[in-house]
Amino acid sequence: MQSDKPISQTEPSGGIWSRTLKRLQLESANEGRRSNADLDPVPISRRTWRTHNFVMYWISDNFSPSGFRNAASLMDVGMSWRDSLLCVTFAQVIIAAVIVLNGVWGSTYHVNFSVQARASFGFYFSYLMIIMRMIVGIFWYGINAYTGAECVRSMIYAIWPSFHNVANTMASNANIDTQMMTAYVVYFVIVVPMHMIPMHQLRWLFTIKAITTPIIGFALMGWTVAKVDASQLWAQNSTLKGSALGWAFMSGLYANIGSWSTLAVNVPDFTRYAKSNDAAYITLFVLPATGCLVTFFGVVVAQGSRILYNTLLWDPLQFIDMWTSRGGRAAAFFCAFFFLISQIAVNIAANSVSAANDLNCLFPKYINIRRGQLIVAVIGSWALTPWNILTGAPAFLSFMSGYSVWLGPLVGILLSDFYLVHKRKYNVWELYDSNGIYRYNKWGTNWRAFIAFFIGWVPLLPGFIPTVNSHITVSAGVTHLYNVAYFYGTLSACFSYWALCKIWPAKETYVPYPVYPETDIIEARDSDEQESIVYGQEQVVITSAEDEKTKES
């Protein structure tokens, strides 16, 4: 039997390198299994997120500069404000359903995506999925860091208008100027200490955001409506017609689903902190509702900028930078300040913590969530140079949509395994055992998931390549398939995985009763009788759900 002796109690050997590794090892790292305190199931004392906390989270997540950009970027490529609004809202309804379905895993077993992936992909094959999701999370961290720096730049413009005239000393092909680089450094200095806030305490930051950022949205919209003739504001029509408009709509739909596809995969990273299993269901309503509202704000501001300044400003920060009077600069400062709070909170919760969880799973001896966040901050902010990604609206849309080619099949397999194959019954502690039932074979790979994953993304690869290299052209049919990639990838992977498991079931992974983190009581939802089993070295009483409710009463 493997020892559960903490790694910190083992004696170091070797020279300087060994002593350095010894100092870096976490006290909570466990020698008997690849885990630590941050990777273990969330204890009851840290399950602090209630329904209203999830409401505040989704409000704050949508009400950000990125939320304003979504519909405005679609208008920039030729769609009308009505079509843009409908496209974004429809995308959020779809992705909200996926997020809720996958979030049930976290609120049920209180473990994150990195551990969840082992149940369907196998103990070691899951690491490929984790690395893939981690890379996307780090990229998104960089994108949001750049937006946070834009907030800082707008604040500096408002305080010192002369900052507009600072000479650019950066190279002409750098895609970033001296002003922006200065703001970027200031943002990085501000945000690094924020990574020290524990995840279960971030709900208070979301509450602050949920109050302040909608006020900014209404203020921007109100100012625009007051300055612009209403008949002009709603007069903009699509420059696209017929099938061109239809496929542009599908492309925009795919892009906006893609921007949330990362969160659809790793939503258990947040729902694991839920106090009750029903707390996260509110997402199904709140996410589309807030997304529709902030998109409407973005449409009004973008269309207003076209009328007021004769150019479509798809970024609300560029819009407030046009306020140059004394009173206008004061308003611009407060708008930028609250947008900055919004970006910091979104980036920490949606990207920093998630990618840190992945690093935590890959290197549990040395990296916890706090250390992982600092690593993500450095790599995402500086190594990936996000200013080269956000060079314009088409580039932004291409980036949002491209990586969901892989994330769609990934979440499809997770949902299929949870609802169709294992029917929500898992032994949570076996997920931490490299030789446990979820290893599947000596390579730690579930070949069924391997095949289903490739079925989900390989046919989409020809359509993805031109988004990376514009010099490569493909047929219209290939492009059209790529425009519905999330639907194809998710559904094809989901049902092919279910079919493979139906024909060739991995019977060793099927358990009669779900085993939850509270190992003293195992809730058997499908049984009306009490049984006694032996798990590990202790005897455990299995009670029915009704008996458990009676006991709690």
Side-chain angles (χ1 to χ4, degrees), residues 66-98 136 234-262 264 288 291-292 295-296 298-299 302-303 306 312 314 389-409 411-412 455-495:
S66 299
F68 273 78
R69 291 170 175 165
N70 290 337
S73 59
L74 293 176
M75 293 169 63
D76 198 28
V77 296
M79 293 176 63
S80 70
W81 67 268
R82 298 175 186 85
D83 295 333
S84 300
L85 180 62
L86 179 62
C87 182
V88 174
T89 304
F90 190 29
Q92 296 234 334
V93 170
I94 294 171
I95 203 65
V98 179
V136 173
W234 309 117
Q236 187 257 347
N237 294 313
S238 175
T239 59
L240 303 172
K241 303 296 182 183
S243 62
L245 175 60
W247 285 112
F249 185 93
M250 292 304 300
S251 178
L253 183 68
Y254 175 42
N256 280 280
I257 290 176
S259 67
W260 291 92
S261 61
T262 310
C292 180
T295 299
F296 183 73
V299 164
Q303 182 64 2
R306 193 197 300 269
L312 191 145
W314 61 291
I389 300 173
L390 286 172
T391 56
F396 180 65
L397 289 174
S398 296
F399 176 78
M400 283 201 303
S401 61
Y403 61 80
S404 58
V405 165
W406 294 278
L407 296 185
V411 76
I455 290 174
W457 71 266
V458 169
L460 303 172
L461 189 59
F464 172 74
I465 293 175
T467 67
V468 179
N469 187 344
S470 59
H471 298 292
I472 298 176
T473 58
V474 294
S475 66
V478 171
T479 301
H480 293 164
L481 177 61
Y482 180 72
N483 287 337
V484 295
Y486 194 81
F487 301 100
Y488 167 81
T490 303
L491 295 176
S492 64
C494 175
F495 290 110

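If you read the sequence from its start, that first residue is 1, and numbering goes on from there.
- Note: S80 OG to Q303 CD = 10.0 Å, rounded to the nearest 0.5 Å.
- For the atom pair L253 CG and L86 CG, the distance stands at 9.0 Å (nearest 0.5 Å).
- For the pair I95/Y486, a side-chain contact is recorded, criterion being any heavy-atom separation below 4.5 Å from C-beta on.
- Taking the six-membered ring where the residue is Trp, F464 and Y482 present tilted rings, their angle falling between 30° and 60°.
- No side-chain heavy atom of Q92 sits less than 4.5 Å from a side-chain heavy atom of N256.
- Between W457 and W406, the ring planes lie tilted relative to each other; the angle falls in the 30° to 60° range.
- Counting heavy atoms from C-beta on, the side chains of I257 and S404 never come closer than 4.5 Å.
- Separating the CZ atom in F249 from the OG atom in S243 is a distance of 15.0 Å, to the nearest 0.5 Å.
- Considering every non-hydrogen atom in both P462 and V474, the closest pair reads O-CG1, 3.6 Å.
- In this structure, CG in N483 is found 10.5 Å from CG in L460, a value given to the nearest 0.5 Å.
- The environment of F487 atom CZ is dense: over 12 non-hydrogen atoms of other residues, nucleotides or ligands sit within 6.0 angstrom.
- Looking at heavy atoms from C-beta onward, I455 lies in side-chain contact with Y488 at the 4.5 angstrom threshold.
- Distance alone, capped at 3.5 Å, places no donor-acceptor pair between the S251 side chain and the A248 backbone.
- T490 places none of its side-chain heavy atoms less than 4.5 Å from the side chain of V98.
- Contact of the L85 side chain with the C292 side chain is registered, since non-hydrogen atoms from C-beta on lie closer than 4.5 Å.
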